[in-house]
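Counting starts at 1 for both ligands and their atoms, following the listed order. Note that this is a predicted model, so its numbers are computed, not measured.
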Amino acid sequence: MRRTYWALPVLLLAGCGLAQTNTVGEVEFAHRLRVPPLAGSHLDDQGRRVFDLRAQAGSTDFGTGGKTSTWGFNGSYLGPTLRAKRGERVMVNVVNGLAETTSVHWHGMHLPARMDGGPHQPIRPNATWSPTWTVDQPAATLWYHPHPHGETEKHVSRGLAGMFIVDDDTRVNLPREYGVDDVPMIVQDRDDTVLVNGTAGPYLDVRTERVRLRLLNASSARVYNFGLADDRPFALVGTDGGLLPTAHGTSRIRLSPGERAEIVVEVQPGERVTLRSYPVELDNFLSDLFNGGNDTLDVLELRAAADLAPSPAVPARLAPIARLDPASAATTREFTLAGRKINGRGMDMGRIDAVVTRDTTEIWEITKRGDGTAHSFHVHDVQFQVLSVDGERPPAELGGWKDTILLEPDRTVRIVARFADYADPDVPYMFHCHLNKHEDQGMMGQFVVVEPGQEPGRPDTHSHRNGHG
Ligand code: C2O
Ligand code: CU
Ligand code: CU
């Protein structure tokens, strides 16, 4: 039905290069998927696991002809995978080797606001910032990326991004050998090329019956709808903040910018199967166009070996999730996203938009209105649970821990979160649209967590304190 409306927008938008793209069968899978190395670390005299990251400029050959100027951590593009276990105290020494101010945010991590790496923790050129915190959340696929005020899109799209895998003690029998049957996949688009871990036209050699893919949408604006070329079902086992309570069999998983999904795919000996992004089913045709949502893109080829090592069957039960009780919520807040504003206001580093009391549960009701562009909504500090989408029970893929959610036009999403720790009246956390350009254009707000009865402070708008050079 939507198709009837095609002609007009296509004509209007053809000149802007926004028409539908289809790369099915056109991508030559000629490059072995690069797997980000695991970051080395050492234990310091206080027992902290210490990592070193250096943001630096370089150049990268994506195999599409010539070298491109790029940025990366400890290399020319993207960064190593940090990995730590629940209960560990970590510290990351982040050196800014760029000629401009950046920051490093730990997306999905529950940690004190001053360690969060948002716009209030800038790292100036040649400075080092060393946040430290105790990892205290379930096993999950998190990531890190810059969050400098108004410049996030530029820094992330130049290549500053990496994964942060959290492990815990729960013994769930899933593929777990990093880079072998448990593979990080940082998916981005550059012009019309889809890159996975910075590899254009990637293939992955699979040597086991099942492979776990940790998918991260690290694109600036594109929404993906991943599936396999033959529509075979796969098991969705995890979302942003950890494993689902039960594995969910599906043939599609939709990811807006910032979201993650862990899937387990079964392969047959000797076969080749393509991971593809299918058109996103959104209600509004304009949003399809503006977010690349109508595109069909070949992403990566899985190449199964003739002899496959056995893999465990995907367990039906994964990680139990205690449901937060909406009746226990201290407050319900409403957030309306329209234009490039949230509740009619653009981002102001000096303004606190919400004051949350520590150790309380809150319901947030998020609605997207107006223009045809889809948005996503990301909250720092916490992992939330989805209560409803337009009054309906959320689908299985929204049944686990989330920190980012796709907002479809004119729908209301109700989420619930517990703000258990880390009061700091002066240093805010962010909530924002994770389409990086929208964030840069001001589609972001700030909240502080305070002790009961405590007044919010004044956020530092110059932030010259962090990162001494
Ligand atoms: Cu992925 Cu506020 O960021
Ligand atoms: Cu974040
Ligand atoms: Cu947006």
- Going by heavy atoms in the side chains, are F419 and V450 under 4.5 Å from each other?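 F419 vs V450: side chains apart.
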Confirm or rule out an N/O/S atom of H380, from backbone or side chain, lying less than 2.8 Å from atom 2 (Cu) of ligand 1. yes
### Task
For the Cu ion (ligand 3), decide whether H434 has an N, O or S atom at a distance under 2.8 Å.
no
Quiz prompt | Angle subtended at atom 2 (Cu) of ligand 1 by H432 NE2 and H147 NE2, rounded to 10 degrees | solution =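 The angle at atom 2 (Cu) of ligand 1 comes to 100°, rounded to the nearest 10°.
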| query | How is the N/O/S atom of H438 that comes nearest to the Cu ion (ligand 3) named? | reply |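 The nearest such atom is ND1.
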Closest approach to the Cu ion (ligand 3) by H375, given as the N, O or S atom name
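Distance check against the Cu ion (ligand 3) picks out ND1 in H375.
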Worksheet item: Given H147, which of H380, H434, H155 fulfils the ring-ring contact (aromatic ring centres under 6.0 Å, His included) condition?
Response: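 Single pass found, and it is H380.
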(message) Go through it in stages, so that I can follow the logic: the residues are E88 and K85, the test is salt bridge (charged side-chain N to carboxylate O under 4.0 Å, His left out), and I'd like the CA-CA distance, side-chain angles, deciding distance and then a yes or no.
(response) CA-CA 6 Å; E88 268 189 312; K85 205 168 159 186; over 6 Å; no
- Message: Hydrogens and angles aside, do S388 and R414 bring a side-chain donor and acceptor to less than 3.5 Å of each other?
- Response: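 Their side chains do not contain a donor-acceptor pair, so the 3.5 Å distance test is not met.
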Give, rounded to 10 degrees, the angle between NE2 (H378) and NE2 (H105) as seen from the Cu ion (ligand 2).
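NE2 of H378 and NE2 of H105 make an angle of 170° at the Cu ion (ligand 2), to the nearest 10°.
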* Which distance, rounded to the nearest 0.5 Å, do you find between the CZ of R212 and the CG of D182? ->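 Answer rounded to 0.5 Å: 4.5 Å.
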